Number of protein chains: 2
Amino acid sequence: MRQPAGRSARRSGGERKPREERWAELIEVATQVFYEKGYDGASLQDIADRLGMLKGSLYYYIQSKEDLLFDVISTVHRDGLAVVRARAEVEGSPLEKLESVIVGHVEHTCRNLVPTAVFLHELSALPIDRRKEVLGSEHAYQGVFRDLIEQAQRQGDVRADLDPRLAALSVLGSTNWVYRWFRPGGAFTPEQIGSELAEMSIRGIATEKALAARA
Amino acid sequence: MRQPAGRSARRSGGERKPREERWAELIEVATQVFYEKGYDGASLQDIADRLGMLKGSLYYYIQSKEDLLFDVISTVHRDGLAVVRARAEVEGSPLEKLESVIVGHVEHTCRNLVPTAVFLHELSALPIDRRKEVLGSEHAYQGVFRDLIEQAQRQGDVRADLDPRLAALSVLGSTNWVYRWFRPGGAFTPEQIGSELAEMSIRGIATEKALAARA
DNA sequence: CCTACCGATCGGTAGG
DNA sequence: CCTACCGATCGGTAGG
């Protein structure tokens, strides 16, 4: 790790910032620009402009444009996965866990709208090996939902005739879609959306027995 | 409308085709390339290569790259909207209509996977006026779902405490998401997916009374 | 449809 | 971080 050099000429007279701090700014700006223009539509020039540096100077921090996308995507995916896994491990029945997982997932999505949108839109811009590095072995995210649905099904809390994969995809669709319409300060809070979507999802797949016991 | 000129030199010896036929090929190829690479990642060179013509020759058919995207997107949107509107008008209760609309929407999505994916991913690449031209006044698509949910709610078939907008977005999320995981020849047929997603959606929002009457 | 081009911009690099 | 640069490619055009 090289250290930034000392007193060279600056572009707009600002103080040079520590590497870590500048890196954080870089990622924040890159996230925003990828969100607005898409990965391919965004240029390093756009990003450099907003940071007040020259395009070539970005290579002091990165090896390639792709590094920026990878950081944005892997961070939001790792954090989101941690949220749902934590909620899948607390005390409770599988159906109760699933409800909590859905709420956590939706709230995390609302609170990380921009990086989540980049993740869901631009994952395909990563080469396949880095894509796998992000997603982990198997569909980790999807697996959390499907496993809980299967467990709930064995307990008679989810309808027996339902395919757990299909049910998981239905729930993930309903919840992930939030990234397309949620607006901070809009008609609904993340908590409202989380609890309402969870309610609809649970009712959509649960047995009458489980629903009666819940009330 | 100019007619293609007669006997000029050809690139690979093939016969020159009628304008309409060639235009259909152009759109088909463009749809596929936009799907694979995204609109910004796709070049007119890519498209011309697959058609066996030169990049500049594309301008015999189009005025700009954007024309291609606009055609792809407006066609699939128009067709999909026609499907759900037709099903919203047949005989039946609002809840029955909604179920039919969901089935139709999902099956249309499965059978038009590639253009649907381009629509859902690249709409934002269109300038705002052409975007509005595609979507029509207000959110036409979303409106079909929301209106039916509101009507069903007035009849006591959808839970009274549910926000119809939120419910519509939940259903649209679950069903639109199909474009990300459906594979022709995979584990599920479009009919299966349509009927299962509809079942989950209806159960998720309906009152117990309506569900009992349905069975 | 092809020939033959153009200006602009892209991601990226050597050297300091 | 800046200076100064490169090869490649982009969408698009004039003229036939």
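Here is the naming used below: chain letters follow the sequence lines, and residue numbers restart at 1 for every chain. Below, all heavy atoms of this structure are taken into account, side chains as well, without hydrogens, waters or symmetry copies. This one's a predicted model, so the numbers in the text were calculated from it and none came from an experiment.
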- prompt: Using a cut-off of less than 4.0 Å, is there contact between a side-chain N or O of Arg19(B) and OP1 or OP2 of dC1(C)?
  reply: no
task: Can you tell me the pairing partner of dG12(C) across any strand shown, Watson-Crick or G-U wobble, with both distances under 3.5 angstrom?
output: dC5(D)
message: With a 4.0 Å cut-off on N to O distance, would you call Arg50(B) and Glu36(B) a salt bridge?
response: yes
query: Could you give the CG-to-C1' distance, from Asp49(A) to dC10(C), as a whole number of Å?
result: 14 Å
message: Base, sugar-phosphate or nothing for Ser43(B)? Non-hydrogen atoms, less than 4.0 Å.
response: sugar-phosphate
Distance in angstrom units between Tyr59(B) OH and dA4(C) C1', rounded: 16 Å
query: More 5' along DNA chain C: Gln63(A) or Gly41(A), using each one's nearest nucleotide?
result: Gly41(A)
query: To the nearest Å, how far apart are Asp40(A) CG and dC10(C) P?
result: 12 Å
message: Between Asp49(B) and Gln45(B), is there a side-chain donor-acceptor contact under 3.5 Å, judged purely by atom types and distance?
response: yes
task: Go through dC10(C), dG11(C), dC1(D) for me and flag the one nearest to the Arg22(A) side chain.
output: dC1(D)
query: Less than 6.0 Å separating the ring centroids of Tyr39(A) and His121(A)?
result: no
message: Judged by each residue's nearest nucleotide on DNA chain C, which is more toward the 5′ side, Ser57(B) or Tyr39(A)?
response: Ser57(B)
field: Tyr61(A) OH - dC2(D) P separation (whole Å)
entry: 9 Å
message: Without decimals, in angstroms, what is the distance between Ile47(B) CD1 and dC10(D) P?
response: 11 Å
query: For residues Ser170(B) and Ser174(A), is any side-chain donor paired with an opposing acceptor at under 3.5 Å?
result: yes
field: Glu107(A) and Arg111(A) ion-paired at < 4.0 Å
entry: yes
query: Under the 3.5 Å rule, do the base of dG11(C) and the side chain of Lys55(A) count as making a donor-acceptor pair?
result: yes
query: Quick one: Tyr60(B) OH to dC2(C) P, roughly how many Å, whole number?
result: 12 Å
Integer-rounded Å distance: dT9(D) P and Leu44(B) CG: 15 Å
query: Could you state the CD1-C1' distance from Ile62(B) to dG11(D), rounded to the nearest angstrom?
result: 9 Å
